[in-house]
Each structure stands twice: as structure tokens, then as C-alpha cells.
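All remarks here apply to the structure that follows.
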Amino acid sequence: MTNFNIIPRKSITTKSKWDHNDSIRATKLVLDNDENDKVIDQTSTAIPDLETEILLMLEMRAMAWARKGQYENELQDASTMIKYAPYKPEGYLITGRRYVKQGFHERGVDIFTKGLQQVPQTDKQYSILFEEKEQTQRQLDKGDYLFNYFLPYDLIYTIIDFLPQDSVIQCGLVSSEWRSLILNYPKTWRHVNLDRTERSIIHTILPSVSSHIETLNVPGGKAGYQYMELIHANNFSKLSSLEIRKYTFTDSKHHYYMVPIYSALHTVSDTLTSLDITLDRENDTPSLATLLSICPNLTSLKFTARCIHAATPFSIARPTRLITLKLNTAFYEKIRGDELQKMLQAMPRLRWLSICQCDTDIYQLVEQYCPDINILIAGTSLPKFDAWVPDTTIPGLQSLYALNSFVMPGSNTLPLLETYHATLRKLLLQNTPPLTESNWQHLSSLGFAHLTEFNLVRADCAVLNNLVILLTSMPNLESLTLTGNRKNSRIPDNTLKYLGRMHKLTCLKLTDVEINVLDICHVLENFVQRENNKTSNTATVVNPSPLTELDLINVKNINSTVMNTITRIRSLKCLGMDYDEPSETIRRSFIQGISKLPLLENLFFMDLHISEEELYLLGTISTLTYVELDGVYGIEKHQVDEAFSSQVTVECYL
């Protein structure tokens, strides 16, 4: 970044706003007493000091604008300096230099010439102004500036904004002028992913751009050690987010596995607010307390490691600023309730908590120590949850994912549901412990008026038999996922029939369950009619929502009637099926039917026989963006590649 060191740095005694106000009041009092000579003396003494201070402030602000890349504001401040003190060289130097850097050499010569006409030759910087004018004129005469003559810097930077970072780095290798231009453009280096750049080049560039970097992703493997040293040795004064992925170092001469990470984190601890660290080794795993003591300003921490002992990492001595904590770690043993209590007591601001194997006390402890909690995920570290962002404008728990098989069998989430039933938007219950009918009635009486997504995973027959009681308390439900336990998971007829009456349901996913064919056909036919009747809306009657997502995976009793009904739900955007119809005629009719669905975007087929002709028929669906074929047989991989256009993402496991 250009150093606009224009005004010599000397000791300047500046007065506060109150000092100036006092001087003005004193001068006004003297003026009121008709002591005019005294007024003239006081003002004549004060005006030069004020002028120097104003020019210095304008110069420093112009410098700040330039560092932010806001050159129009920089030029505006320089113009103000020229108007305020036309006999001072500072404004001319800032304006002329900026014009030259933007490729406007003729303008630069003009402004330097104007400055030479206004600034006294006795001024200490007159010679600098003269030399700048002469150098710019020589460049103009020789055409040395042709790199940016036709493309001003602002336009060049706009072009750079559209280039991938690898391409920008390659441009920096063209010449010293290109290198200087690129390395001094902060916007290019705000977000750096070292895993996507050539290692030999980034090692030479990183020290020069480190002060611009705000978000940094560090790759894993042995290179991680070298990058930790680079972070420790350079100025990352703006770094707020750091991701360290699969960090490992197995060289025997480096016994202290975590020391490089600790050193790097100490260097950026003042500015770092988000840390995502994945460790690929069991020994020397850091404790949670250690990470938070090194980086006290963290508001988000994602900590992923291989198996570690749960007894060591959770005692935290003082309150933290954490808002998000994701412990995606498989422990040798569950985290005890007393350790959970120590951890949560130190996190009063927590809004997002994701934690794997832990004691069932977690629900009670979260309710007690985390009053602002929005998302609680207990028992899993699935990546799909990472994209969720809580609505901080809505108080209370919004998403609860209780995967009790990991949180320990027999846990009871009833107290938490009783507290947050009115705020919940998303609810996932896995391996729900046996509840009596009165329990279900109690839950239903609470009401889940704002719940839009409900997932019931590994539900047995006892749970499914009482499901309709709970569904009646969810009037705004939009997405329902039911997954059985592969043994005895038949969805009762009354539950299936009730699904057809849920007017806001747009997503239905059934997996590993048994159904009544007539009832599921009735439900699907209801969705067909919704699409057919959508034009009959009136001001007093709101039509039910159309079905946009449907999954029927490993569902018993699916037949050709069900398949035919699916092909008539024209509102479908996502469809998942694993039914292997033995009749080639029925299967072809099904493929032809879904190929005519006007909105279909995502398609998932599992364990399905499909012919080459049927595959190419699927390829004619113009709206498709994603296709997954898992266990599909009867076709070859090259046929799949040929059937779908390059605009379609295809995952194929034949």
C-alpha cells in the first residue's frame, strides 16, 4: 500500500473540542468588551494551529480511504485540502499520485503543474512536487504507463473481482508493476483458501498480503505445520476466521504436535472470532479450555477430532463469548453431567450447541444455563446441519435434534419440549424412548403452532401408533420425515389419512416403513388434486400447499398404482424412489410419467433396474439439476455420462 507520508511527522499539540470551545468563548467575551486588539492577537495565534490540525486530519482520513480502496473519497478529501489551503503542497501530491496510479497521467501532470504555480518555492516539499511532475511527464512521453493507460485502476480492480484467486496470483507473476497492483488490492485477499492455491507460490505471496486477510482456510497434512509457522511469523492483523482442516504432523523430529497451532493462535488471538479446527491425531489433543484461553474473543468454535478422552477438555475457568459451539468429536466415553455443567456455565451467550456423545443431563443443563439457545443438536455431527442459521430476532429454542441413540438410551426430552414448544420450528427425535398415551396427549396439548419441520427417526410401532395424536398439534407443518427401525414400523391407517388433511405439507419422506396401499394412494391423490385445484383460490379460501418433495425409500407394499399416482403430481421438484418394478411395461410407463413432470429438479433412484432407453429418457428432463443413482443396475457408467447434460450434477454408484 502506498505510504502517503506527505506532512513531516513532528510533534503537534492538538486541542480537544472543549479546549477550542473555551478559546472561542474567551475570545467572544473579549470582543463583547470591545478589546479589539486583543481579539485580533488571540485569533491570529489560534488560526494557524487550527489550519495545521485540519490539514493533518484530512490527510490521515485520505490515507485511510486509500487503504480501504475508496479512492473517490480520498480524492474528495484531497480536493478539500487544496481549496482550504491552496498554497500547501499536500493536497496536490495526494491528488496527482492517485491520478497517476489510476492511469490518468495527463491529469497528474496538470495537478502537479497547478501545485507548482500555487505553492511557494520556499516550501520544503516544493522540490518533491516538482520531481513528481517531471517523473509523470517522462512516463507520459515514453508510454511506460501503457499497462493501465487504457484501463484505469478502478476498472482493473473491477476485472480482478471477477477472477478466481489462482488466476489473480498468476497475474501477479507478470511484472513487478502487476505484482504491486495485485498485492495492494485488499479486496482480493480478504478470503484465502490455501488448499486451492499452488503451495510454492502462496508461500512467497502470503507474507505480503497477510495484513489484508480476514478469512483463512489452511489445508491438512504435513503442510499444515508450515502454514502455522507462516501465520505465527507474519502480520494477520485483520484475521477474524480461521479454518484448520485435518491438521497432522508425523515427522519424528516434531514431538510437540500442538505447539505450532498454539503459536499461530496466540498471534491472531486479538482479532480471531471464529475457529474451525479438525485434528487427525489422538495424542496431544488440546482441551477446550486451552483453545478458549488462547483465543478469548471467539464467538464461534467448531472442534473436530478423533477419539479423545472426555474427562479432560471441558473445564473452563471464566465466561466466554461463544455464541456457536460445535463439538464434532467421537469420545471414548460420554461427557459426564458435571463436565457439561462446567462447560455451559462458562457460555451464557450460547445460541448454537452441537455435541456428540454426552450425558442425558444436557437437556436440563441447556435449559438452565443457556437462556438464549436457538439450536441444540445432541448426538450427531452431520455436516448438513452446519448451514443452518438461527433467526436471532426470535427468542427461544428454534431447532432441536435429539438423537438419543448417541446421547444415551432412555433420555427424556419432555421438559425441554414443554419449555420451548411455542418457539420450535424444527424438531428431530431419534430412538424416542417409550412414551405412554398420556405422554403423547400431554405433548399434543402443549401445541407446536410454529413447527414447520418434524423428523421421527428409527421409530418403532409403539411410537408410530400414537403419532397422529402429536401431528394434530402441528397445524403449520411443512415437512415430515418418518424413518422406521427396519423391524416393526407400520404407519397406522389413521396417520396416513391425516397426512392428506395437513394443508401446509409440502415435503413427505418415508423410509423403512410399511404402509397400506389404499391409504397412501389416497394421500398422493389428494396432492394431485391440490395441484389441479390451485387456480380455484378465492379471497376467503386458501388452497392447500402443493407437494414439492417426496421420498419413498424401502417402503413396503408400493405397487404400480402408487407409482402411477406419483407421475401425476405435477408440483414435484424432488423425488426419491427405490422400488424395483419387475414389469418392464410398468417401469417404462413410470419413467415416461416422471419425465413429463414440469418442475422436477432433483431425482434419486436406489436399487432400481433401468434400461439404456429409460436412462436417456430421464436425460430429456430439462429442469433437472441433480441426479443420484445408487445401486441402479442394467446400465454402464459411460451411458450415464452421455445421458445427462453438463448442467446436471450426477452422483452414480452402479
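As the structure is a computational prediction, the values presented were derived from the model and not from experiment.
The two residues Asp161 and Lys187 make their nearest non-hydrogen contact at OD2-NZ, 3.4 Å. Of all heavy-atom pairs spanning Ser269 and Ile294, the tightest one is CB-O, 3.0 Å. Listed here is the closest heavy atom pair of Thr271 and Lys238: OG1-C, 4.3 Å. Contact between Leu615 and Ala643 at its shortest, heavy atoms only, is CG-CB, 3.7 Å. Across every non-hydrogen atom of Leu618 and Leu624, the tightest pair is O-CD1, 3.7 Å. Closest of all the heavy-atom pairs between Cys171 and Leu163 is SG-CD1, 4.5 Å.
Side-chain contact between Glu106 and Tyr99 is absent, with no heavy atoms from C-beta onward closer than 4.5 Å. Counting heavy atoms from C-beta on, the side chains of Glu549 and Lys509 come closer than 4.5 Å. In this structure, Leu397 and Leu376 have side chains that are in contact, with non-hydrogen atoms separated by less than 4.5 Å. Two residues are said to be in side-chain contact when any heavy atoms from C-beta on lie closer than 4.5 Å; Leu547 and Leu508 meet this criterion. Contact of the Lys302 side chain with the Ile277 side chain is not registered, since no non-hydrogen atoms from C-beta on lie closer than 4.5 Å. Between Leu301 and Lys326, every side-chain heavy-atom pair lies at or beyond the 4.5 Å cut-off. Glu74 places a side-chain heavy atom less than 4.5 Å from the side chain of Arg98. Between Gln76 and Trp65 the shortest side-chain heavy-atom distance does not fall below 4.5 Å.
Listed by chain and number, the residues in a side-chain contact (heavy atoms from CB on, under 4.5 Å) with Asn235 are Ser210, Ser211, Ser237 (sequence neighbours excluded). In this structure, the side-chain contact (heavy atoms from CB on, under 4.5 Å) partners of Cys370, at least two apart in sequence or on a different chain, are Leu344, Leu350, Val366, Ile373. In terms of the salt bridge (charged side-chain N to carboxylate O under 4.0 Å, His left out) criterion, Lys596 has no residue partners (sequence neighbours excluded). For the side chain to side chain donor-acceptor pair (under 3.5 Å) test, residues two or more places apart in sequence or in another chain that qualify with Asp641 are Lys637. The side-chain contact (heavy atoms from CB on, under 4.5 Å) search around Asp372 returns Arg351, not counting sequence neighbours. Residues passing the side-chain contact (heavy atoms from CB on, under 4.5 Å) test with Ile82, sequence neighbours excluded: Tyr92, Thr95, Ile111. Applying the salt bridge (charged side-chain N to carboxylate O under 4.0 Å, His left out) rule to Glu601 yields no partners; only residues at least two apart in sequence or on another chain are considered. Take Glu131 and apply the salt bridge (charged side-chain N to carboxylate O under 4.0 Å, His left out) test, not counting sequence neighbours, and it matches Arg138. Not a single side chain to side chain donor-acceptor pair (under 3.5 Å) links His266 to another residue, sequence neighbours left out. Partners of Arg321 by side chain to side chain donor-acceptor pair (under 3.5 Å), not counting sequence neighbours, listed by chain and number: Asn297. Not counting sequence neighbours, Lys573 has no partner by the salt bridge (charged side-chain N to carboxylate O under 4.0 Å, His left out) test. Listed by chain and residue number, nothing satisfies the side chain to side chain donor-acceptor pair (under 3.5 Å) test with Glu636 (two or more places apart in sequence, or in another chain).
The line from CG of Leu550 to OG1 of Thr506 is 11.5 Å long, rounded to the nearest 0.5 Å. Separating the OG atom in Ser595 from the CD1 atom in Ile591 is a distance of 8.0 Å, to the nearest 0.5 Å. Here CD1 of Ile594 is found 5.5 Å from CD1 of Ile621. Values are rounded to the nearest 0.5 Å. Atom CG of Leu629 and atom CZ of Phe605 lie 8.0 Å apart (nearest 0.5 Å). Taken from OG in Ser263 to CD1 in Ile231, the straight-line distance is 11.0 Å, to the nearest 0.5 Å. How far CZ of Phe604 is from SG of Cys574: 12.5 Å, rounded to the nearest 0.5 Å.
When only modelled atom types and interatomic distance are considered, Tyr653 and Glu651 share a side-chain donor-acceptor pair under 3.5 Å. Side-chain contact of His105 with Thr136: a donor-acceptor pair under 3.5 Å is absent, judged by distance alone. Counting only N and O atoms by type, the side chains of Glu642 and Tyr616 include a donor and acceptor under 3.5 Å apart. Counted by atom type alone, Glu628 and Tyr626 present one or more donor-acceptor pairs between their side chains at under 3.5 Å.
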| request: Verify salt bridge (charged side-chain N to carboxylate O under 4.0 Å, His left out) between Glu132 and Arg97, making sure each step is shown before the conclusion. | output: CA-CA 8 Å; Glu132 292 277 359; Arg97 287 169 175 170; 2.9 Å; yes
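Put simply, the residue from Thr320, Leu272, Leu265 that forms a side-chain contact (heavy atoms from CB on, under 4.5 Å) with Leu298 is Leu272.
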